[in-house]
Amino acid sequence: MAKYYATNLSGDFAREAVQIFGGYGYMRELTHDSSHYHVGEIYRDAKIAEIYEGTNEIQKWIIARHIFGKDLAG
């Protein structure tokens with residue numbers, strides 16, 4: 001349950017940060033002063049965390065089976 005909740009929350013925060021930064025959220029380096037925005041990296045890391053060790057959809061099935069039993073959860 002912790003993996004599902006943590007990765008879901010981090011994904012929401014990362015998506016919100018990309019929305020706040022707009023186009024700069026996807027840029028790796030600004031050309032005029034070579035400064036870096038790390039929002040794109042954070043977003044990619046949050047998205048891959050939802051996938052490895054079982055996707056969040058699989059985690060939902062595991063949680064449902066634990067709570068309701070194997071007969072009711074598929």
Any side-chain heavy atom of Asn56 within less than 4.5 Å of one from Lys3? yes
Could you measure the distance from the OG1 atom of Thr55 to the CH2 atom of Trp61? Nearest 0.5 Å is fine. 12.0 Å
Look up atom CD1 in Ile42 and atom CG in Asp45, then write down how far apart they are to the nearest 0.5 Å. 8.0 Å
Between Tyr4 and Thr7 the two heavy atoms that sit nearest each other are O-OG1, 3.3 Å
If you compare all heavy atoms of Ala14 against all heavy atoms of Ala46, which two are closest, and at what distance to 0.1 Å? CB-CB, 4.0 Å
Between atom CD1 of Ile63 and atom OH of Tyr5, what is the distance when rounded to the nearest 0.5 Å? 12.5 Å
Glu57/Lys60 ion pair, N-O < 4.0 Å: no
Output the distance between atom NE2 (His38) and atom CZ (Arg44), rounded to the nearest 0.5 Å. 11.0 Å
